[in-house]
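Heads up: the structure comes next, in structure tokens.
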Amino acid sequence: MTRILAITNQKGGVGKTTTAVNLAASLVELGRRVLLVDLDPQGNATMGSGIDKRALSRTVYQVLLGQAQGHEVIQTSPRGGYDLLPANRELAGAEVEMVGLKQRETRLKDCLRSLADHYDVILIDCPPALNLLTVNALVAAQAVLIPMQCEYFALEGLSDLVNTVRKVKAGLNPGIEIAGLLRVMYDPRNTLAQQVSEQLKRHFGSKVFDTVIPRNVRLAEAPSHGLAALAYDRGSKGAQAYLRLAEEFIARSGMKEGA
Ligand code: ADP
Ligand code: MG
């Protein structure tokens with residue numbers, strides 16, 4: 001069965017896109033067929049996958065509005081080995097234009113239904129907001145991966161997100177669950193980070209991934225080359241951490257070897 005995972009956190013700059021791109025590339029490395037859906041008008045996942053968002057005539061925007069089929073828009077990341085449903089700033093308009101449409105919350109889900117057979121995992125990179133695009137991701141997904149920095153206000157933002165997931169679960173997507181919380185940009189020497197990390201484990205227990213993503217400059221450099229860290233600097237701590245995350249994700253989701 002295809003696993004559909006929304007990577008979400010309404011805060012910006014918390015590592016959603018970095019996680020989406022690097023988890024996608026790592027899952028490919030482990031033999032999985034992966035589709036990455038860029039659902040952020042900033043198009044960072046698109047650029048970070050080596051595809052120029054400015055050169056696209058069709059993106060996920062046309063797919064959501066019913067003006068194109070998913071398979072017509074999908075491209076393959078040249079060095080990542082995964083497929084990409086790209087986005088650019090045009091997607092910012094979707095929020096408004098979808099409001100008047102029928103089934104506006106299930107548009108992405110309906111689109112992914114016809115694509116799912118081709119992939120083992122579909123990752124959705126969400127925008128930094130709890131808006132209609134994010135709701136589309138939460139309705140389409142089976143589970144949510146929440147990247148977060150272990151900072152003082154991190155837990156506060158988390159309760160809004162957990163409430164939104166609860167609402168979606170009570171209404172449009174009863175099957176949704178939290179796949180896990182991922183600690184990113186982690187500095188083990190930082191006492192506050194250690195404390196927040198402990199708090200997180202007390203609150204969420206096994207929902208916190210064992211894998212921790214360290215702060216690593218290679219992860220920040222790779223997107224400007226249109227690469228995942230695995231292709232940019234395979235041996236870097238960041239690339240290796242995301243590879244371990246992919247292994248942990250596969251083990252947790254009960255996906256069999258090569259399945
Ligand atoms: P979001 O998608 O949540 O807005 P990004 O993934 O774009 O967040 O990350 C925000 C910034 O932090 C980017 O410049 C990115 O390169 C950098 N970054 C993300 N994760 C790491 C990390 N583990 N180490 C160093 N820099 C990181
Ligand atoms: Mg992003």
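Just follow the structure's listing: the first ligand is 1, and inside any ligand the first atom is 1. Computed over heavy atoms, backbone and side chain alike; hydrogens, waters and symmetry mates excluded.
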The Mg ion (ligand 2) and Q42: any N/O/S contact shorter than 2.8 Å?
no

Measuring to protein heavy atoms, does anything land under 4.0 Å from atom 14 (O) of ligand 1?
no

Looking only at heavy atoms of A222, does any of them come nearer than 4.0 Å to an atom of ligand 1?
no

I'd like to know if G15 contacts ligand 1, where contact means a heavy-atom distance under 4.0 Å to any ligand atom.
yes

Considering only protein heavy atoms, which is closest to atom 12 (O) of ligand 1, and at what distance to one decimal place?
M185 CE, 3.8 Å

Minimum heavy-atom separation for Q69 to E72, with atom names?
N-OE1, 2.7 Å

Return the residue, atom name and 0.1 Å-rounded distance of the protein heavy atom closest to atom 19 (C) of ligand 1.
T18 OG1, 3.2 Å

Check whether any heavy atom of P128 sits under 4.0 Å from an atom of ligand 1.
no

Side chains of Q67 and Y61: do they bring a donor and an acceptor to under 3.5 Å?
no

For atom 4 (O) of ligand 1, what is the nearest protein heavy atom, given as residue, atom name and distance?
G13 N, 2.7 Å

How far is atom 26 (N) of ligand 1 from its nearest protein heavy atom, and which residue and atom name does that atom have?
A220 CB, 3.7 Å

Any nitrogen or oxygen of T19 lying under 3.5 Å from a nitrogen or oxygen in ligand 1? Just yes or no.
no

E151/K11 ion pair, N-O < 4.0 Å
yes

Using a strict cut-off of 4.0 Å, indicate which atoms of ligand 1 neighbour a heavy atom of N216.
22 (C), 24 (N), 25 (C)

Would you please determine whether V184 falls within less than 4.0 Å of ligand 1 on a heavy-atom basis?
no

Give yes or no for whether the N/O distance cutoff of 3.5 Å, strictly under, is met between D125 and ligand 1.
no

Going from CD1 on I122 to CG on D83, what distance comes out if it is rounded to the nearest 0.5 angstrom?
10.0 Å

Does a donor on one side chain sit under 3.5 Å from an acceptor on the other, for Y242 and T18?
no

V14 near ligand 1 by a heavy-atom separation under 4.0 Å:
yes

Kindly indicate whether a cation-pi arrangement holds for R252 with F209, taking the cut-offs as under 6.0 Å to the six-membered ring centre and within 45° of the axis.
yes

Are any of the side-chain nitrogens in R33 or D120 under 4.0 Å away from the carboxylate oxygens of its partner?
yes

State the atoms of ligand 1, each with its element, that fall below the 4.0 Å cut-off from a heavy-atom position in P214.
22 (C), 23 (N), 24 (N)

Does the side chain of L138 come within less than 4.5 Å of N173's, by heavy atoms?
no

Answer yes if the side chains of R244 and T211 hold a donor-acceptor pair under 3.5 Å, and no otherwise.
no

Between ligand 1 and T17, is the shortest N or O to N or O distance under 3.5 Å?
yes

Salt bridge present between R215 and D187 (N-O < 4.0 angstrom)
no

Flag the pair R113 and D110 as a salt bridge only when some basic side-chain nitrogen lies within less than 4.0 angstrom of an acidic carboxylate oxygen.
yes

Got a protein heavy atom sitting under 4.0 Å from atom 22 (C) of ligand 1?
yes

